[in-house]
Amino acid sequence: MEEEKNEVVLKNFIQKIIEEDIKNGKNGGAVITRFPPEPNGYLHIGHAKSICLNFGLAKQYGGRTNLRFDDTNPAKEENEYIDSIQADVKWLGFDWGGKPCYASDYFEKMYQLAVQLIKAGKAYVDDLSADEIREYRGTLTEPGKESPYRNRTVEENLDLFERMKNGEFPDGSKTLRAKIDMASGNLNLRDPVMYRIVRVEHPRQGNKWCIYPMYDWAHGLEDSIEGITHSICTLEFESHRPLYDWFLDQLPEMHHPQQIEFARLNLNYTVMSKRKLLRLVKEGYVKGWDDPRMPTVSGLRRRGYSPESIREFAARIGVAKMDSIVDIAMLEFCLREDLNKRALRRMVVLDPLKVIIDNYPEGQVEWFDGENNPEEENSGTRKIPFTKELYIEREDFMIDPPKKYFRLSPGKEIRLKHAYYITCNSYKTDENGKVTEVHCTYDPASKGGWTEDGRKVKGTSHWVSAQENIKVDVRLYDRLFTKENPDEDGDFISCINPDSCKVLEGCLAEVSLKEAKPGEYYQFLRQGYFSPDPDSTEEKLVFNRSVSLKDSWTPPRS
Ligand code: ATP
Ligand code: MG
């Protein structure tokens with residue numbers, strides 16, 4: 001986990017395999033990986049792990065990585081997804097060198113290879129329906145049954161397959177199947193379907209095809225055609241590997257990539273399957289794929305995550321051969337750690353309470369300098385206007401405070417950050433006893449927030465001028481699900497958190513935030529890290545809280 005921080009860098013099991021291959025001169029020492037999303041949804045943080053892994057390995061070993069759209073199932077695929085995937089991979093900081101690849105560009109080649117298998121007596125056209133194929137398949141404990149069409153002649157298969165392609169048969173009436181072994185202990189080897197007939201227009205191929213290759217036939221070929229050396233995928237494909245190997249063994253002229261499986265990322269309080277994320281979007285539980293509560297890359301970006309923090313997260317979780325669930329607090333930890341170094345510090349009052357400095361001149365405006373980031377040298381300063389009337393956070397004043405309350409209360413002195421020491425003299429309340437304003441005096445000798453006599457105050461509050469400020473909206477987020485495992489009861493919709501987004505209107509921000517733009521990172525003192533939302537307009541800025549300041553996760557000690 002902490003390995004990359006140590007002097008001696010420990011290698012993960014994939015790096016060990018690759019280094020062994022390079023040592024043995026396999027593939028001429030080349031390392032070519034790929035990231036092969038199906039364009040049927042937006043990328044999520046699990047995909048980000050795979051992206052960091054594939055692009056990271058190629059970079060480390062001087063190779064390259066293809067971005068390949070696995071667009072073999074036109075019924076669910078859209079160009080919107082193709083665009084968003086490219087934007088997300090780029091934003092994460094990776095480059096696939098030129099144009100992306102498309103599985104659909106290999107349809108013709110795949111068709112020729114299927115013909116080759118038929119000629120070798122290794123594939124046949126089947127007339128069983130999808131239900132019958134399932135029935136004939138058998139179970140883990142019982143062997144399957146051979147289709148009555150299994151022993152058609154090569155000539156008949158070639159003729160039927162060509163006519164399937166030419167559109168002579170209705171959808172679903174025939175398939176092309178590999179002729180392997182209906183009694184295999186590995187169900188994937190029981191004559192898997194290679195092609196089905198379905199008349200759906202393809203986003204890139206139009207109506208050229210009415211037969212489409214199945215994933216298991218197509219995927220290994222895509223890697224092979226592109227000369228991928230290390231085909232890294234998630235564990236559920238381990239039992240498919242013998243099938244991919246079988247296909248390539250029948251096609252000896254084709255390049256044979258090595259498949260390596262790793263455990264997919266699971267996060268608590270999160271659903272990750274695209275099917276479920278699509279449901280959240282389609283049924284309106286969130287505002288879109290890029291809703292800041294979504295675990296999508298675009299949602300995290302809008303929330304205010306930095307690419308650096310996501311890459312750091314991917315590095316920290318590492319790769320393993322065993323499935324596990326990662327604490328979402330670890331992702332938040334990585335964000336805090338990154339933003340602490342670069343977020344600009346600003347003062348914003350979310351729940352304003354008016355403070356009047358009785359001995360401060362009416363109409364005077366003093367401009368104080370506030371450091372942009374104490375963690376970063378040369379980060380500069382910004383100007384903060386100070387006036388007779390100000391706002392502080394309502395929770396920063398108490399009439400009758402308990403012990404250890406270090407904020408403002410009658411008779412107590414605190415520091416207003418970057419400005420002056422003030423002491424509370426009196427306050428006013430409304431008919432319900434709610435405090436409406438607090439009266440204070442300031443000490444002119446404490447200018448800048450310190451005194452020559454070295455007098456100490458225990459509390460420091462952030463504040464905003466009542467005259468010189470801007471009004472902003474702030475969106476505070478909580479987890480989208482109330483359960484650590486949202487799928488626990490079989491229906492993740494039932495544990496959606498009804499309070500996952502709280503909107504605070506009319507928050508008061510210091511004027512230097514006026515030019516804030518989406519994609520920038522801020523720390524609002526004591527409130528957390530915030531980033532402007534694209535919903536912001538000329539009139540009103542809207543900020544998303546990316547994460548609060550408090551940590552609930554600490555890295556394990558090494
Ligand atoms: P989902 O299950 O969310 O629909 P998928 O695996 O069907 O995802 P693909 O578009 O096929 O989506 O995924 C592209 C790549 O991303 C694959 O190589 C897959 O192994 C990887 N990937 C998907 N989900 C995860 C995850 N949770 N952790 C790591 N890698 C993942
Ligand atoms: Mg998939």
Side-chain angles (χ1 to χ4, degrees), residues 12 14 32-58 65-78 80-82 84-86 88-89 92 94 96 100-104 213-216 218-220 222-223 226 228 230-241 244 257-282 289 294-300 310-311 313-326 328 330-331 485-487 492:
N12 67 44
I14 301 179
I32 305 169
T33 59
R34 86 289 181 256
F35 174 64
E38 188 183 346
N40 61 353
Y42 281 62
L43 298 181
H44 53 58
I45 181 78
H47 292 117
K49 170 178 178 175
S50 176
I51 291 167
C52 293
L53 181 61
N54 278 294
F55 283 88
L57 287 168
T65 305
N66 289 355
L67 171 63
R68 178 204 314 141
F69 292 106
D70 205 338
D71 56 347
T72 55
N73 183 10
K76 292 184 176 169
E77 294 160 5
E78 289 176 27
E80 176 194 349
Y81 300 139
I82 290 185
S84 75
I85 288 169
Q86 295 185 63
D88 287 351
V89 175
L92 281 171
F94 299 108
W96 51 89
C101 305
Y102 293 86
S104 55
M214 301 297 288
Y215 184 89
D216 276 346
H219 197 80
E222 295 160 23
D223 286 344
E226 290 176 14
I228 302 302
H230 299 85
S231 168
I232 299 163
C233 62
T234 40
L235 282 178
E236 66 271 26
F237 292 103
E238 196 164 13
S239 65
H240 296 242
R241 175 156 34 94
Y244 303 163
Q258 179 178 2
Q259 175 170 309
I260 306 169
E261 303 88 11
F262 71 100
R264 66 195 296 113
L265 168 68
N266 300 301
L267 269 184
N268 62 6
Y269 295 103
T270 306
V271 297
M272 206 100 87
S273 112
K274 277 186 272 186
R275 188 175 49 79
K276 290 175 187 162
L277 297 176
L278 180 66
R279 193 166 160 210
L280 291 172
V281 173
K282 286 263 144 83
W289 283 99
M294 291 281 273
T296 50
V297 173
S298 51
L300 293 168
I310 295 175
R311 293 201 300 263
F313 174 69
R316 272 180 189 268
I317 55 179
V319 286
K321 266 282 187 192
M322 284 264 285
D323 275 313
S324 65
I325 298 170
V326 174
I328 192 161
M330 183 170 163
L331 179 61
N485 173 8
D487 289 314
F492 64 101

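Only this structure's heavy atoms are used, side chains among them; waters, hydrogens and symmetry mates stay out. One-based numbering, in listed order, for ligands and for the atoms of each.
By heavy-atom distance, the residue among C233, P36, A314 lying nearest atom 18 (O) of ligand 1 is P36. When the heavy-atom distances from atom 30 (N) of ligand 1 to P39, P295, S231, G46 are ranked, the shortest goes to G46. When M272, R264, H219 are checked for heavy-atom proximity to atom 2 (O) of ligand 1, R264 turns out nearest.
A salt bridge between E222 and R34 is absent, with no side-chain N of the basic residue lying under 4.0 Å from a carboxylate O of the acidic one.
Heavy-atom separations between H44 and ligand 1 include at least one value shorter than 4.0 Å.
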Under the side-chain contact (heavy atoms from CB on, under 4.5 Å) criterion, do N12 and F262 qualify, and how do the steps go? CA-CA 11 Å; N12 67 44; F262 71 100; over 6 Å; no
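With hydrogens and angles left out, the side-chain atoms of N54 and T65 include no donor and acceptor closer than 3.5 Å.
Between the side chain of Q259 and the backbone N or O of H240 there is no donor-acceptor pair closer than 3.5 Å. Distance alone, capped at 3.5 Å, is enough to place a donor-acceptor pair between the R311 side chain and the L92 backbone.
Looking at ligand 1, you won't find any N or O of R34 less than 3.5 Å from one of its N or O atoms. Here's the thing with E38: one of its N/O atoms is less than 3.5 angstrom from an N/O atom of ligand 1. The N/O atoms of K49, backbone and side chain alike, include none that comes under 3.5 Å of an N/O atom in ligand 1. For ligand 1, the polar-atom distance check against S273 finds no nitrogen or oxygen pair separated by under 3.5 Å. The N/O atoms of L265, backbone and side chain alike, include one that comes under 3.5 Å of an N/O atom in ligand 1.
For the atom pair Y215 OH and E38 CD, the distance stands at 8.5 Å (nearest 0.5 Å). One finds the CG atom of L235 at 5.5 Å from the CG atom of D323 (value rounded to the nearest 0.5 Å).
Below 4.0 Å from some heavy atom of P37 lie the following atoms of ligand 1, by number and element: 10 (O), 14 (C).
With a 4.0 Å heavy-atom cut-off, ligand 1 is reached by the side chain of F35 but not by its N, CA, C or O.
Using bins of under 30°, 30° to 60° and over 60° for the plane-to-plane angle, the ring pair W289/Y42 lands in the parallel bin.
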